[in-house]
Number of protein chains: 2
Amino acid sequence: MAITIIDVAKKAGVSPSTVSRVLSNHPRISPATAAKVREVLKELGYHPNIMAKSLVSKTTNTIGLILPKPAEELFLNLFFSEVIRGIVTQAARTGYDLMMTTGTTEREELEAVTRLVKGRRVDGVILLYSRQSDPLISFMLEHGFPFVLIGRSDEFPDILSVDNDNVQAAYDATRHLIAQGHKRIGFVSGPPNLIVSGDRMKGYLQALKDAGIEARPEWIVEGDFLQESGYRAMSFFMCLPERPTALVTIDDVVAFGVLRGLTELGYKVPDDLSLVGFNNISLSELSTPPISSMDIGIYQIGYTASQTLIRAVKGEAMPQKRVIIPHRLIVRESSLIQAKD
Amino acid sequence: MAITIIDVAKKAGVSPSTVSRVLSNHPRISPATAAKVREVLKELGYHPNIMAKSLVSKTTNTIGLILPKPAEELFLNLFFSEVIRGIVTQAARTGYDLMMTTGTTEREELEAVTRLVKGRRVDGVILLYSRQSDPLISFMLEHGFPFVLIGRSDEFPDILSVDNDNVQAAYDATRHLIAQGHKRIGFVSGPPNLIVSGDRMKGYLQALKDAGIEARPEWIVEGDFLQESGYRAMSFFMCLPERPTALVTIDDVVAFGVLRGLTELGYKVPDDLSLVGFNNISLSELSTPPISSMDIGIYQIGYTASQTLIRAVKGEAMPQKRVIIPHRLIVRESSLIQAKD
DNA sequence: CTGAAAGCGCTAACAT
DNA sequence: ATGTTAGCGCTTTCAG
């Protein structure tokens, strides 16, 4: 049997409420009794029952992380670990715990969230990634439950969110390729229903446009965040009568896939095709050749999201609804050659 | 205000206890009232307050995952995401949520665990990795708290655990290299205080011994699970007057590091040095050349650990204390050449 | 088969 | 400054 506040009260010869007060550093309590109580507290090895505390205080000191339905693919990506690392580090630092759920189907997903939110199991949640017209966002809004989105929502631009300027980032990545002299630049995108895919696509197109280069639909393919996606894109591109000389990919892992396919077919990077990825995962610098990548500060995204959410649940004033984490291009060999024509 | 069991009772014209019974599918309840109650339940959109339920039932339907102190490095490794993916998938499937904590220092770590365990915040915990004489294991044992270890404990062989046969796996990996004709085989290990490092080292040594090959201390180096570790090991080995012709590394990421260094120096894999890694992360097949790797079923480790723990907290009979996930070597180019001498 | 009542461990008025 | 009391929302004897 765990020891309760009452046990402590008895042993210290005071009332339970006094113990409670000591525990919460109530101002009006005599130093003498406080000391006495604290002593007994230590002696008995007391630890608060969080459930009981939550029941009355209506807070849990826990934040929830909702993994998007097709968590599978996310997990295969270093992005995921990095975000969590940021979240869990900051949360732990603030004395919060992290609760994770996911659902395989859309229904399961909503069920899991309902359990967390309506069951008052967490004080707020972090939504990872947003889809076009995400049902989860509407759900949170409807219930007036604190949350922050990692990503961006078209429908609800006014919610708390942490994101990159993905349009600008893709613009910059494409710009870099253009500066290297490339005129035929392709783009391997992610799932079209994800906002981030759209944003990066937009930046890519804008960069072409600003440089007076015409976009070619056949040089744009959509996939997921997996290597197969890159592999498929690569074989598609290389069979084209007129192929791109450079590629921007939605993720480094996709770039890996492209690279592998290219190598198998005997093509050389960057000589035959230049490559710029996104996310700057640790393995990008280890490939042969190392892959240029847009670093989007993933860890910081997680860290900031957690920080923002915790501030929000504590009712602190939010300086800004939308926090943008800066990006920066890491140029490596895969794009370090001037286009030949 | 969230709607409670009492609201439902009132509206359905029954007592709160009846509603509670319906909720928990109590047998002795008339189908008529059950139906009526369920209807109101739905109508009002009732959702149980988990804190209240936990307070009385003393269970939380939550399992805790304790990340080892130096969580940093773990996070940089795909191993982590895969394990979590397994855990969270199985937990969600069983209606459990996952709670994660970590601590930067050893004290913080113990504090976090104490919060979870003594605060009755979770029903059981999963320990990721075990160190030699791990204080967390003793802690759990002392408090009689349900837990399963991913890994192995020398001190307490009798605890619930999910693991690979790492000795055998390393044996097999080394064996493979020997079968390719190698006689000079090195080993890049992990942190010496981790049990897994010792186990794999043991298997490596045993394989050499069984093949009548003498182990050379200078061909064994210890590092962490990061690429730098591989890089350093590589530069060390290649400066040796007599160098190994093949390497077993504790992790694929380390193999990546070796590979990168080798490539930079102009060496070729597998021609100058054959490589076999561990964990078979998805990127292993994408490197140039693709890296042979021991697949240890990481996802399954997580899945099984979660399953085992949940069974344990439910008090189900445990068929076996220690579950071994099978391993299997995936041979790729990095070790696909006969040794020259 | 169902209701009344007690209580899980804690906090927060309201007293004193 | 401290004690008393009344719940938080739910489950669970114990009656009937």
Side-chain angles (χ1 to χ4, degrees), chain A residues 1-41 44-62 114-123, chain B residues 1-41 44-62 114-123:
Chain A
M1 209 55 256
I3 99 117
T4 78
I5 217 173
I6 298 191
D7 303 325
V8 177
K10 225 173 279 176
K11 181 138 190 181
V14 297
S15 81
S17 35
T18 301
V19 178
S20 174
R21 287 192 182 96
V22 173
L23 251 15
S24 51
N25 294 310
H26 191 103
R28 276 189 318 221
I29 199 109
S30 86
T33 41
K36 173 66 182 159
V37 168
R38 263 187 254 280
E39 184 185 311
V40 178
L41 240 22
L44 260 39
Y46 169 82
H47 264 271
N49 179 316
I50 310 214
M51 296 306 166
K53 184 184 266 181
S54 290
L55 184 55
V56 31
S57 72
K58 267 118 177 55
T59 71
T60 63
N61 260 255
T62 303
T114 308
R115 217 171 44 210
L116 289 198
V117 171
K118 306 201 76 168
R120 294 261 176 285
R121 216 161 184 187
V122 297
D123 296 342
Chain B
M1 210 54 257
I3 99 115
T4 79
I5 218 174
I6 298 191
D7 303 327
V8 177
K10 229 172 276 175
K11 180 138 190 180
V14 297
S15 80
S17 29
T18 301
V19 177
S20 174
R21 289 194 180 96
V22 173
L23 251 14
S24 53
N25 293 309
H26 191 104
R28 277 187 319 219
I29 200 112
S30 87
T33 40
K36 174 63 182 162
V37 168
R38 263 187 255 277
E39 184 184 312
V40 178
L41 241 23
L44 260 38
Y46 170 83
H47 265 270
N49 179 316
I50 310 214
M51 296 307 168
K53 183 183 269 181
S54 291
L55 184 56
V56 31
S57 72
K58 267 122 179 46
T59 71
T60 62
N61 259 254
T62 302
T114 307
R115 220 172 38 211
L116 289 198
V117 170
K118 306 201 77 169
R120 294 261 175 285
R121 224 170 174 179
V122 297
D123 295 343

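Chain letters run A, B, ... following the sequence lines, proteins first, then strands; residues in each count from 1.
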Can you tell me the distance, in whole Å, between the NZ atom of A/Lys118 and the P atom of D/dG9?
14 Å
Looking at every non-hydrogen atom in both residues, tell me the closest pair between A/Arg121 and A/Thr62 and how far apart they are.
O-CB, 4.1 Å
Side-chain N,O (B/Thr18) to OP1/OP2 (C/dG3) below 4.0 Å
yes
Report the residue (B/Ile50 or A/Ile29) whose heavy-atom-nearest nucleotide on DNA chain D is the more 5′ of the two.
A/Ile29
Side chains of B/Ser15 and B/Thr18: donor-acceptor distance under 3.5 Å anywhere?
yes
Rounding to the nearest 10°, end axes of the helix from C/dC1-D/dG16 to C/dT16-D/dA1 built from five pairs each make an angle of 40°
Considering just the side-chain nitrogens and oxygens of A/Thr4, establish if one lies under 4.0 Å of OP1 or OP2 belonging to C/dG9.
no
First encountered from the 5' end of DNA chain C, between B/Ala34 and A/Tyr46:
B/Ala34
B/Ile5 atom CD1 is separated from D/dT11 atom C1', nearest whole Å, by 8 Å
Interatomic spacing from NZ in B/Lys36 to NZ in B/Lys11 - rounded to 0.5 Å:
8.0 Å
Respond yes when some side-chain nitrogen or oxygen of B/Lys53 is under 4.0 Å from OP1 or OP2 of C/dC8, and no when none is.
no
For A/His47 and C/dG9, give me the distance from atom NE2 to atom P, rounded to whole Å.
16 Å
Minimum-distance nucleotide (side-chain atoms of B/Val56 versus D/dG3, D/dG9, C/dT2):
D/dG9
If you compare all heavy atoms of A/Thr60 against all heavy atoms of A/Arg120, which two are closest, and at what distance to 0.1 Å?
CG2-O, 3.3 Å
Which one of B/Val37, B/Leu23, B/Val19 satisfies the side-chain contact (heavy atoms from CB on, under 4.5 Å) criterion with B/Tyr46?
B/Leu23
Which heavy-atom pair separates B/Pro16 from B/Ala9 by the least distance, and what is that distance?
N-CB, 3.6 Å
From CZ of B/Arg28 across to P of C/dT2 the rounded distance in Å is 11 Å
Distance, rounded to the nearest Å, where B/Lys36 contributes NZ and C/dC1 contributes P
20 Å
B/Ile6 has an atom CD1; how far is it from atom P of D/dG7, in whole Å?
11 Å
Any idea which of C/dT11, C/dC1, C/dA4 is nearest the B/Arg21 side chain?
C/dA4
Look at B/Ser20 and D/dC10 and indicate whether a side-chain polar atom (N or O) is within less than 4.0 Å of OP1 or OP2.
no
Is the backbone N or O of A/Ser20 less than 3.5 Å from a side-chain atom of A/Ser24, with the two atoms forming a donor-acceptor pair by type?
yes
Base, sugar-phosphate, or nothing: which does B/Ser24 touch, judged by heavy atoms less than 4.0 Å apart?
nothing
Closest nucleotide among C/dC10, D/dC10, C/dA4 to the A/Asn49 side chain
C/dC10
Does B/Lys118, at its NZ atom, have more than 12 non-hydrogen atoms belonging to other residues, nucleotides or ligands within less than 6.0 Å?
yes
Give the nucleotide from the list C/dG9, D/dA1, C/dG3 with an atom nearest to the side chain of B/Lys58.
C/dG9
So what does B/Ser30 hit on the nucleic acid, given a heavy-atom distance under 4.0 Å: a base, only sugar-phosphate, or nothing?
sugar-phosphate
Without decimals, in angstroms, what is the distance between B/His26 NE2 and D/dT13 P?
10 Å
Please tell me which of B/Ser15 and B/Ser57 maps to the more 5' nucleotide of DNA chain C, matching each residue to the nucleotide holding its nearest heavy atom.
B/Ser15
What is the distance, rounded to the nearest whole Å, between atom CE of A/Met51 and atom P of C/dG9?
13 Å
I want to verify a distance call: between D/dT11, C/dG9, C/dA12, whose nearest atom is closest to the A/Ser17 side chain?
C/dA12
